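What you see is a predicted model; the values in this text were computed from it and never measured.
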Amino acid sequence: MRLYLETTVPNFLFADDAPDKRRATEIFFDWLRVSSDELFVSKLVEDEIAACPEPKRSMMISVLRGLPLQVLPVAAECSALADDYVRAGIIPARFKNDALHVAVAVWHKLEVVVSWNMAHLVNVRKIERINAVNERSGLPPIRIHTPEEVLDL
């Protein structure tokens with residue numbers, strides 16, 4: 001599979017307030033180190049991590065450096081697609097970066113966005129609406145799953 005790791009995933013490696021998700025994320029990262037799946041992030045993920053306070057920023061960068069990640073650009077077409085998701089009322093405008101993560105994955109024809117963002121991304125109704133926009137735009141569907149769900153794919 002071709003997996004896009006959204007910023008919440010490495011963030012939960014350091015989530016002391018969510019021990020179950022933290023443990024699931026640790027298991028997921030152990031699996032990523034031996035998986036044959038192709039792994040991607042975007043410039044947006046790098047920018048969001050760069051905005052994190054230390055020491056979390058350095059820890060997240062270190063963890064991601066240990067993976068065979070490819071960094072995808074955020075093309076103008078990705079931004080336009082994210083705007084379509086916002087205009088459709090799927091993701092609120094103030095959370096456009098969430099829409100942009102999905103748009104990058106869709107535009108680059110990845111199969112799965114991996115996220116812990118339950119409010120805006122890992123939500124069956126939202127995924128259906130995102131894929132309706134994708135279909136109208138002649139783009140492929142996307143799957144959005146938590147790290148736990150990806151392990152079961």
Side-chain angles (χ1 to χ4, degrees), residues 1-26 28-29 32 38-61 63-64 67 69-151 153:
M1 281 186 298
R2 294 166 42 94
L3 306 175
Y4 177 90
L5 304 181
E6 184 261 329
T7 314
T8 60
V9 177
N11 185 59
F12 267 91
L13 285 171
F14 309 101
D16 294 330
D17 59 335
D20 291 343
K21 286 183 179 178
R22 180 180 178 157
R23 182 66 189 132
T25 306
E26 291 168 347
F28 178 68
F29 270 78
L32 288 177
E38 291 180 77
L39 307 176
F40 300 85
V41 294
S42 66
K43 178 73 171 102
L44 176 59
V45 171
E46 290 182 333
D47 292 346
E48 288 178 340
I49 290 172
C52 289
E54 286 294 353
K56 184 186 260 186
R57 174 181 40 221
S58 294
M59 292 187 300
M60 287 175 38
I61 290 169
V63 166
L64 290 177
L67 296 174
L69 291 170
Q70 298 176 55
V71 180
L72 300 170
V74 180
E77 295 88 350
C78 299
S79 187
L81 181 57
D83 288 339
D84 289 346
Y85 299 147
V86 170
R87 269 193 301 279
I90 302 166
I91 297 172
R94 69 185 188 120
F95 297 106
K96 183 182 173 186
N97 277 0
D98 294 341
L100 196 51
H101 284 295
V102 175
V104 168
V106 168
W107 185 256
H108 290 282
K109 296 180 175 50
L110 305 185
E111 296 164 273
V112 177
V113 172
V114 185
S115 176
W116 280 117
N117 183 336
M118 310 305 261
H120 301 132
L121 301 181
V122 188
N123 176 304
V124 172
R125 287 176 186 83
K126 289 185 183 275
I127 296 166
E128 287 174 354
R129 293 176 66 201
I130 286 167
N131 284 325
V133 169
N134 294 347
E135 184 176 358
R136 285 193 301 271
S137 301
L139 294 166
I142 191 72
R143 295 161 60 188
I144 306 173
H145 294 288
T146 67
E148 290 174 311
E149 292 169 334
V150 171
L151 291 174
L153 295 178

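The minimum heavy-atom distance linking Cys78 with Ala103 is given by the pair O-CB, 3.2 Å. Of all non-hydrogen atoms in Thr8 and Ser115, the two that sit nearest each other are OG1-OG, 3.4 Å. The nearest pair of heavy atoms linking Pro140 to Val106 is O-CG1, 3.8 Å. Closest non-hydrogen pair, Lys126 versus Ala119, comes out as CE-O, 3.2 Å. In terms of heavy atoms, Leu13 sits closest to Val63 at CD1-CG1, 3.4 Å. Of all non-hydrogen atoms in Ala88 and Val133, the two that sit nearest each other are CB-CG2, 4.1 Å.
Here the straight-line distance linking atom OG of Ser42 with atom CG of Leu5 works out to 10.0 Å at 0.5 Å rounding. Taken to the nearest 0.5 Å, the CG atom of Leu121 stands 11.0 Å off from the CD1 atom of Ile90. With rounding to the nearest 0.5 Å, the separation of NE2 in His120 from CZ in Phe95 is 4.5 Å. Here Tyr4 contributes atom OH and Leu72 contributes atom CG; the two are 7.5 Å apart, rounded to the nearest 0.5 Å. How far OH of Tyr85 is from CG of Asp98: 12.5 Å, rounded to the nearest 0.5 Å. Atom CD1 of residue Ile130 and atom CD1 of residue Ile91 lie 4.5 Å apart, to the nearest 0.5 angstrom.
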> Could you walk me through whether Asn11 and Met60 pass the side-chain contact (heavy atoms from CB on, under 4.5 Å) check?
Replying inline: CA-CA 7 Å; Asn11 185 59; Met60 287 175 38; 4.1 Å; yes

>> For a side chain to side chain donor-acceptor pair (under 3.5 Å) check, start with the C-alpha distance between Asn97 and Glu48, then their side-chain angles and the critical distance, and finish with the verdict.
In response: CA-CA 9 Å; Asn97 277 0; Glu48 288 178 340; 3.2 Å; yes

> Leu32 and Leu3: side-chain contact (heavy atoms from CB on, under 4.5 Å), yes or no, with the steps?
Replying inline: CA-CA 10 Å; Leu32 288 177; Leu3 306 175; 4.2 Å; yes

> Does the side-chain contact (heavy atoms from CB on, under 4.5 Å) test come out yes or no for Leu64 and Ile49, once each step is laid out?
Replying inline: CA-CA 10 Å; Leu64 290 177; Ile49 290 172; 3.4 Å; yes

>> Pair Glu26, Arg23 - check salt bridge (charged side-chain N to carboxylate O under 4.0 Å, His left out), show working.
In response: CA-CA 5 Å; Glu26 291 168 347; Arg23 182 66 189 132; 3.2 Å; yes

>> Using the rule given for side-chain contact (heavy atoms from CB on, under 4.5 Å), can you reason through Glu46 versus Ile61, listing the C-alpha separation, both sets of side-chain angles and the distance that settles it, and then say yes or no?
In response: CA-CA 8 Å; Glu46 290 182 333; Ile61 290 169; over 6 Å; no

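A 4.5 Å side-chain heavy-atom check between Leu44 and Glu6 finds every atom pair outside the cut-off. You'll find the side chain of Met59 stays beyond 4.5 Å of the side chain of Pro10, heavy atoms only. At a threshold of 4.5 Å between non-hydrogen side-chain atoms, the residues Val114 and Phe28 count as touching. Between Met118 and Asn123, the closest side-chain pair of non-hydrogen atoms is not below 4.5 Å. Residues Leu81 and Asn134 have side chains in contact (heavy-atom distance under 4.5 Å, counting atoms from C-beta outward). The shortest side-chain heavy-atom distance between Phe29 and Leu67 falls under the 4.5 Å cut-off. Inter-residue side-chain proximity for Arg143 and Ile127 is flagged as unmet; no heavy-atom pair is nearer than 4.5 Å. Counting heavy atoms from C-beta on, the side chains of Trp116 and Thr25 come closer than 4.5 Å.
Between Arg87 and Asp84, at least one side-chain N (NZ, or NE/NH1/NH2) sits under 4.0 Å from a carboxylate O, which counts as a salt bridge. The existence of a salt bridge linking Arg22 and Asp17 is excluded, since no basic side-chain nitrogen approaches an acidic carboxylate oxygen closer than 4.0 Å. In this structure, Glu54 pairs ionically with Arg57, as a charged nitrogen and a carboxylate oxygen lie closer than 4.0 Å.
In terms of modelled atom types and a separation under 3.5 Å, the side chain of Arg2 and the main chain of Phe40 share no donor-acceptor contact. The backbone N or O of Ile142 lies less than 3.5 Å from a partner atom in the side chain of Asn131, making a donor-acceptor pair.
Sparse packing is recorded around CD of Glu135, with 12 or fewer heavy atoms of other residues, nucleotides or ligands lying under 6.0 Å away.
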